[in-house]
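Just so we're on the same page: letters track the sequence lines, and every chain starts at 1. Hydrogens, waters and symmetry mates play no part in the numbers below; they use all other heavy atoms, side chains included. No experiment lies behind these values; they were computed from the predicted model shown.
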Protein chains: 2
Amino acid sequence: MAGSDQEHTARQSASTRERLLESATRLFGERGIEATSLRALTDAAGSNIAAVNYHFGSKEGLLRAVVDQTMRAVNDERALRLDELESAARPMSIAALVRAFVEPGIGLVEGHGHRGSDVARFIGRVMSEPDARVRQIFAEQVEPVEGRYLAAFGRALPDLDEDGVRFVYTSMLGLLSVHQSGSFTTLWAPEEGSGTAASGLGIVDRERLVAFITGGILATLTARATTVP
Amino acid sequence: MAGSDQEHTARQSASTRERLLESATRLFGERGIEATSLRALTDAAGSNIAAVNYHFGSKEGLLRAVVDQTMRAVNDERALRLDELESAARPMSIAALVRAFVEPGIGLVEGHGHRGSDVARFIGRVMSEPDARVRQIFAEQVEPVEGRYLAAFGRALPDLDEDGVRFVYTSMLGLLSVHQSGSFTTLWAPEEGSGTAASGLGIVDRERLVAFITGGILATLTARATTVP
DNA sequence: GTCTATACGAAGATAGAC
DNA sequence: GTCTATCTTCGTATAGAC
């Protein structure tokens, strides 16, 4: 905190940490979490393999740090926009609720400058990650805000039972995940760019997505659920 | 083909192959493909590790066989129902098209008896798998039929451009995947059963899903896409 | 032909020396 | 803070029992 030598080493360590976070965001998003080896990661970051363990404890600790760094802004904005909706006019429209949740997610791209597409792809990847431990890490991060939104949807959709609310909420999450990660797009267009497959990602059409989700929810209201015959 | 000894060994081999397929369907679905080691797999199947290599050549060969076995019926029924729609009344309704695609997927559960939930979860897992090689294997299997449906959606939605059609088609796939795998459900209800988290899975409400997708598509039609400002 | 036991190289994560 | 050594586990290949 005082000596110039200490500052030097401190800056070096901070820089290594930063580079590890950046590389992890990019590589986890591009190749997947499991598929990204610590060696490839530390090579890209220009550091030794053991640096991950030193700075983050483990690969999982690194993942947790990346999720925290990338999702914090989204969480905060979602919470803020829900605050606004709740303190405003009583009847909360479904469209407004959907928009308040979806737009901060899409906004990931703008919020991170040139790393925007990396960040968006990383989050899309994490959201569509089947591994239970990864899901857990993500859930811990977004749980508080998501809980508030789930409750808000419940109040805004009084005609739906608990299962129905969860259904539409899950649908919204799924759609956001799918369009953000671009998973299915690669099926019928495996080769787009040469090096990175990142180009157009994140430029999701907000209006289209909000319209689809809102329309889907409203349609669910009129269609009565078929119970077992 | 004749002797009783040969029949005996033949039955034994078929049984091992069957058990490997069954265990793979279950474990790949429960833990994920990467996360399932061949040793855990062969332990569950009560066979030796080399059996996978003998019967399927490799882990990837085994995965391919499971995908083939589980998706063949779905593919066939989807193709059949599209045939029926195309040979019937000219104006093909969106709802009918959605239903023809979605219902065979949900029908996975009924079509496989007591293994239904295993099969459904496996397919859900594969559909939401980020790994490029896994996606490729799945794509090879469903490509022909999916191509026909994509074209059919294009004809049924003449007001949408190519991107718009891909958007709604991707949305449908994503919703089917999310609800079939139950990915997001586990977020707010991590502990449901003790051993297997399979219980209610696959009992997706058809009407709800069809209504949501159809409503979403129709809503997309009216909402004009926002192009770059 | 079917299956088992065992070995091999590669890669991951981590502990402990420096 | 960094690096090297090690321990584990992975997927695969091979030799031989039945």
**Q** Do Arg78(B) and Phe101(B) meet the cation-pi criteria used here (NZ or CZ under 6.0 Å from the six-membered ring centre, within 45° of the axis)?
**A** yes

**Q** What's the NZ-P distance between Lys59(B) and dA10(C), to the nearest Å?
**A** 19 Å

**Q** What is the separation between atom CG on Asp43(B) and atom C1' on dA5(C), rounded to the nearest whole Å?
**A**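 Taking CG of Asp43(B) and C1' of dA5(C), I get 14 Å after rounding.
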
**Q** So Ser47(A), base contact, sugar-phosphate only, or nothing? Heavy-atom distance under 4.0 Å.
**A**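 No contact.
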
**Q** In whole angstrom, give the distance that lies between atom CD of Glu34(A) and atom C1' of dA11(C).
**A**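 My rounded result for the distance is 12 Å.
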
**Q** Using a strict cut-off of less than 4.0 Å between a Lys/Arg side-chain nitrogen and an Asp/Glu carboxylate oxygen, indicate whether Arg208(A) and Asp163(B) qualify as a salt bridge.
**A** no

**Q** Which of the following nucleotides, dG11(D), dT14(D), dA13(C), is nearest to the side chain of Arg39(B)?
**A**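 Closest nucleotide among those given: dG11(D).
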
**Q** Please tell me if Thr16(B) has a side-chain N or O lying less than 4.0 Å from either OP1 or OP2 of dT2(C).
**A**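 Answer no for this pair, as no side-chain N or O of Thr16(B) is under 4.0 Å from OP1 or OP2.
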
**Q** Output the rounded distance in Å from CG (Leu41(A)) to P (dA11(C)).
**A** 16 Å

**Q** Salt bridge or not for Arg135(B) and Asp131(B), using N-O below 4.0 Å?
**A**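 No salt bridge links Arg135(B) with Asp131(B).
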
**Q** Please state whether the phosphate of dG1(C), meaning OP1 or OP2, lies under 4.0 angstrom from any side-chain nitrogen or oxygen of His55(B).
**A**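 Answer no for this pair, as no side-chain N or O of His55(B) is under 4.0 Å from OP1 or OP2.
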
**Q** Working to the nearest 0.5 angstrom, can you tell me the gap between Leu41(B) CG and Leu62(B) CG?
**A** 6.0 Å

**Q** Classify the nucleic acid contact of Thr42(A) as base, sugar-phosphate or nothing, counting any heavy atom under 4.0 Å across all strands shown.
**A** nothing

**Q** Where the side chain of Tyr54(A) is defined as all heavy atoms beyond and including C-beta, which of dG11(D), dT2(D), dT4(D) is the nearest nucleotide?
**A** dT2(D)

**Q** At less than 4.0 Å, is any side-chain N or O atom of Ser58(A) found next to OP1 or OP2 of dA13(C)? Yes or no.
**A** no

**Q** Hey, which sits more toward the 5' end of DNA chain D by its nearest nucleotide, Ile33(B) or Ala51(A)?
**A**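 Result of the comparison: Ala51(A).
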
**Q** Have a look at Asn48(A) and say if it touches a base, only the backbone sugar-phosphate, or nothing, with a 4.0 Å heavy-atom cut-off.
**A**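 If one applies the 4.0 Å heavy-atom cut-off, Asn48(A) turns out to touch a base.
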
**Q** What integer distance in Å separates Leu38(B):CG from dT9(D):C1'?
**A** 12 Å

**Q** Between Val126(A), Leu21(A), Val119(A), which is the residue that forms a side chain to side chain contact (heavy atoms under 4.5 Å, CB included) with Thr70(A)?
**A** Val119(A)

**Q** Find the distance Ile49(B):CD1 to dC8(C):C1' and express it as a whole number of Å.
**A**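 To the nearest whole Å, that distance equals 13 Å.
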
**Q** Using atom CG of Asn53(B) as one end and atom P of dC10(D) as the other, report the distance to the nearest whole Å.
**A** 16 Å

**Q** Just how far, in rounded Å, is P of dT2(C) from CD of Glu18(B)?
**A**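 After rounding, the reported distance stands at 14 Å.
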
